[in-house]
Amino acid sequence: MTLAPSIIASLAEYLENAELNARDVPMITIEHPTLDLGDAYAIQDEIWRRKTARGTRIVGFKAGLTSRAKMKQMGVDQPSRGFLADYFAIPDGGEVAVSTMIHPRVEPEIAFVTKHALRGPGCNIANVLAATDFVLPAIEVIDSRYQNFKFDMNSVIADNSSSCRFVLGGRPRSVSELDLRTLGMVFEKNGLPLAYGAGAAVYGHPAAAVAMVVNLLGERGHEVPAGSIIMSGGATEAFAVAPGDAVNLRVQDLGSVSIRFT
Ligand code: 0L1
Ligand code: MG
């Protein structure tokens, strides 16, 4: 780590205010070029602390940048983690106003819900599958707080990996009945296909992406409690949305999930 605790705290306040006020800001590494990965996760964890101190519940976590398509789209070369706050959840088929966000994009994902706690380091696919209660189709709405959705790796990690909203839907299914790598996905906007995906596009196996999140959390002493939601990462690149758009994801054997933007 290179930054003093007071700078970590003020950058966390700056980025959280950008999220809460839906205002974009310059990338933080412009003013703090020495900011490293440890500083970035310390800022993300300080945003987490600020929210829980105000009574917000952290309901789960996310893997970010787990597909080749996403890494290529954003010009980065490693995955990240973020946390999910209670108010990020939108009901299946629900609406969200684009005016409450900066420049939202959507991603097709598989969400895991845990029945046992998970803790890294050393968490692997088998540990994740054994601790999973069920999986669900999910849409993640990401919204970078940075101008023009442009950032470097450390800046996006500090910004909670662009976490903004998520929707869970479909039918909960036990992982013992499924091959998560070969699950097909059709992602649609306004009734037309946007992209097609498969589970293996998510870090080789969606449970491997979840293990990666658990291990990244473990590096800073965080456990994933039973009952957590973990978004395993986009199976395709992310797509911009505008008021009036209806987005739907169909996942083989898991049903569908949708969200509308007003
Ligand atoms: O969920 C994601 O893959 C987003 C991670 C952060 C990068 C981005 O905003 O695209
Ligand atoms: Mg995502």
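All ligand and atom numbering here is 1-based and tracks the order in the structure.
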- Query: If you stand at the Mg ion (ligand 2) and look out to OE1 of Glu140 and OE2 of Glu109, what angle do those two lines make, to 10°?
  - Reply: 100°
Ligand 1 versus [X]: contacting region, heavy-atom distance under 4.0 Å:
X      : answer
Glu107 : side chain
Val156 : side chain
Glu140 : side chain

- Out of Trp48, Phe112, Phe83, which one pairs with Phe61 under the ring pair (Phe, Tyr, Trp, His ring centres under 6.0 Å) rule? Trp48
- Task: Identify which one of Glu188, Arg260, Lys189 satisfies the side chain to side chain donor-acceptor pair (under 3.5 Å) criterion when paired with Asn248.
- Result: Glu188
- May I ask you to test the Tyr146-Ser155 pair for a side-chain heavy-atom distance under 4.5 Å? yes
- Message: Within the structure provided, determine whether Leu84 and Arg57 are in side-chain contact (heavy-atom separation under 4.5 Å).
- Response: no
- Message: So for ligand 1, is Met74 a polar contact partner (N or O within less than 3.5 Å, distance only)?
- Response: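 Min N/O separation from ligand 1 is not below 3.5 Å for Met74.
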- Item | Within-cut-off N or O pair, Ser144 and ligand 1, under 3.5 Å | no
Please write down residue, atom name and distance for the protein heavy atom closest to [atom].
atom                   : value
atom 9 (O) of ligand 1 : Ser162 OG, 2.5 Å
atom 5 (C) of ligand 1 : Ser161 O, 3.4 Å
atom 1 (O) of ligand 1 : Lys62 NZ, 2.7 Å
atom 3 (O) of ligand 1 : Leu65 N, 2.9 Å

- Task: Mind running side-chain contact (heavy atoms from CB on, under 4.5 Å) on Arg145 and Asp159 for me, showing each step along the way?
- Result: CA-CA 7 Å; Arg145 268 54 71 167; Asp159 184 28; 2.8 Å; yes
- Query: Is a salt bridge present between Arg105 and Glu237, judged by a nitrogen-to-oxygen distance below 4.0 Å?
  - Reply: no
- Message: Need the ligand 1 atom indices (1-based, order shown) with element for anything under 4.0 Å from a heavy-atom of Lys70.
- Response: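 Answer for ligand 1: 2 (C), 3 (O), 4 (C), 8 (C), 10 (O).
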- What atoms in ligand 1 come closer than 4.0 Å to a heavy atom of Gly64? 1 (O), 2 (C), 3 (O), 5 (C)
Any side-chain donor-acceptor pair under 3.5 Å between [X] and [Y]?
X      : Y      : answer
Ser161 : Ser163 : no
Thr2   : Asp39  : yes
Thr29  : Asp152 : yes

- Would you mind naming the N, O or S atom of Glu107 nearest to the Mg ion (ligand 2)?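 Minimum-distance N/O/S atom of Glu107 relative to the Mg ion (ligand 2) is OE1.
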